[in-house]
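All heavy atoms count here, side chains included; hydrogens, waters and symmetry mates do not. First listed ligand is number 1; within each ligand, the first listed atom is number 1.
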Amino acid sequence: MHRWMKAAVPVLAVALAFSACSTGEDDAAPAATTPPPDTSPAVTTTAASSATTVLPSETTAPPPTTAPPESTSTTAPEADTTDAAGDAGADTADADADASPPPGAGAGDSFYPWLGNSGYDVIHYDLVLEVDPDANTIDGITTVYAVSTGELETIYLDLSGLKVATVTVDGAAAEFLRERAELIVQPATPVPAGVGFTVEIAYSGVPERIDDPGVPFTRIGWFNQHGVIFTANEPSGSMSWFPSNNHPTDKATFTIVITVPEHLTAASTGVLVEESAADGRRTFTWQMNDPMATYLAAVYIGEFERHTQATRDGLIIRDYIPSSLTDEQRQATLEALSVTPGAIDFFEELLGPYPFDAYGTLVLPFSIGFAMENQTLSLHGDRTLIPLIIAHELAHQWFGNAVSPGDWSEIWLNEGFAHYLAFLYLADYGGHDIAALMANELQAARGANAVPPGSVTVEQLFDFPSVYQRSTLTLHALHRHVGDDTFLEILREHYQRSAGGSATTPDFMAIVAQHGGPDAVALLASWLYSPEIPSTLDGPPASSGK
Ligand code: ARG
Ligand code: ZN
């Protein structure tokens, strides 16, 4: 029995100035220790007993989590100052969106027709990256281990910018050309249907982040800011630093080998299986043993110290925090991160075992306007380390990472689930009534005229009122309608059916239909698709609900 299943606890809302939520751009102030002036977005903090929890404030509130402060605007709030000059050559995720890709050069995504490819399934990626952080260059070799699903005269991969030196297919030199963000490979002889094959790509250059129409608040991919390299790819940005089948419907295991100057640490997604030093350089090998979508692969390079914690069941949590912190900052950071083991225990009880070999958080010594659930090692700036956002990125490990979106237009399956589960955790952790927390979200979503999360446009991919708040309310309405037991059955079944792969809204609907019947489906449909925000949550729960 969790506290969110019990009666209301009075909630005392206390306004607290919070975070600049800077846009993650290169002019972000490093390691700021005081809140910025009141032009910054405010997040309402709710204190109950001794626990501090954070809620979004009302209509003018910024996202408390990952969406940008300007999430309702489509204009870029701040310009890049460091590498804007490099923009000219950058690819756009949907440049010339009207043109449809040739067969093979897309995965059929409704927002991003050119992302991903078809004709093969990737099983494993080997990424070998030599990085010069001062020059911001990478020297890379990517080996793609794949299985053909049809005969391949042409193999399409997604890669934006960078210079490709050579490509081989099964060890034989292959012709290749570049067009848009496609690396088009012509094997010497076609790859027959139904065989395993490898493509090896040697490439180098300065990775240029991508202008993605779904992320108007920053360019995405490989960031190099204030002496730290980190990646935040969602949805299209991984093709700015390695060639791949860049769509979450084709997940694969990864080995990521990163070589950096000796004094630096390179962290990544997975488990650290080897570390060695030679010739003034240090090499870190990271192994991801579970399928991972390309957008969740991460590289982090800088001066970090590693701290470990463990869950009740012995799962290792390794956090990377900046070496530059003062004693006081280090203590505060570790204290903030100390909620992680309990949050994992909570989600394991709710959903089943944590999906991967390890977890942790990498904390940057400056703020960015979002956090990101990179698989097994979430990314945070120095202003998002609050229980709601820590729990949100953690919940994505189940929903988003283990179960990935089958189409980017169904992003609510990621953000609605992560946000609602984070609120359930917060209710449990802070002793709050989930209904009171949701009343606040409802007011905010209404105030912002949240559009239906099931029919957002690509520009609304991370629209906070819709994709986060209204999606959260969607799940809460379903929860209230079917009751605790059925709601948990639905969540668990959705997770178990698709963990390791991807899922769509119809997949989820089918489970809701099976466990909740037609009324539950109708309720879900109204929350996902009706222009108006339904009134279902306005009164007391219907008699069938809890
Ligand atoms: N998935 C992130 C979250 O936890 C949002 C990331 C948006 N930012 C980006 N650079 N794609 O909500
Ligand atoms: Zn999220």
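The residue Y295 has no part lying near ligand 1, judged by heavy-atom distances below 4.0 Å. Contact annotation: for A371 versus ligand 1, heavy atoms closer than 4.0 Å belong to the backbone alone.
Here's the thing with E234: one of its N/O atoms is less than 3.5 angstrom from an N/O atom of ligand 1. In terms of polar-atom proximity, defined here as any N/O pair under 3.5 Å, N233 makes no such contact with ligand 1.
Counting atoms of ligand 1 from 1 in the listed order, those under 4.0 Å from a heavy atom of H396 are 3 (C), 4 (O), 12 (O). Listed by number with element, the atoms of ligand 1 under 4.0 angstrom from any heavy atom of I220 are 10 (N). Within ligand 1, the atoms closer than 4.0 Å to a non-hydrogen atom of E373 are 1 (N), 2 (C), 3 (C), 4 (O), numbered from 1 in the order shown. Close approach of ligand 1 to F217 (heavy-atom distance below 4.0 Å) involves ligand atoms 7 (C), 8 (N). Counting atoms of ligand 1 from 1 in the listed order, those under 4.0 Å from a heavy atom of F370 are 8 (N), 10 (N). Residue-ligand proximity, H392 to ligand 1, at heavy-atom distances under 4.0 Å covers atoms 3 (C), 4 (O), 12 (O). Using a 4.0 Å cut-off to heavy atoms of Y468, the atoms of ligand 1 that qualify are 3 (C), 5 (C), 12 (O).
W412 and F508 have perpendicular rings, their planes meeting at more than 60° on a 0 to 90° scale where under 30° would count as parallel. Below 30°, between 30° and 60°, or above 60°: for Y354 and W398 the angle between ring planes is above 60°, a perpendicular geometry. Using bins of under 30°, 30° to 60° and over 60° for the plane-to-plane angle, the ring pair Y125/F242 lands in the perpendicular bin.
Exactly one residue among Y320, F370, W222, F223 makes a ring-ring contact (aromatic ring centres under 6.0 Å, His included) with F230. That residue is F223.
Here the side chains of E208 and S160 are not in contact, with every heavy-atom distance at 4.5 Å or above. Put simply, the side chain of F399 does not reach to within 4.5 Å of the side chain of L413, judged on heavy atoms. Between H479 and Y420, the closest side-chain pair of non-hydrogen atoms falls below 4.5 Å. Within the 4.5 Å cutoff, side-chain heavy atoms of S244 are placed close to those of S238.
The atom name of the N/O/S atom in E415 closest to the Zn ion (ligand 2) is OE1. Looking only at its N/O/S atoms, H396 has NE2 as the one nearest to the Zn ion (ligand 2).
Not less than 6.0 angstrom separates the ring centroid of H247 from the ring centroid of Y112.
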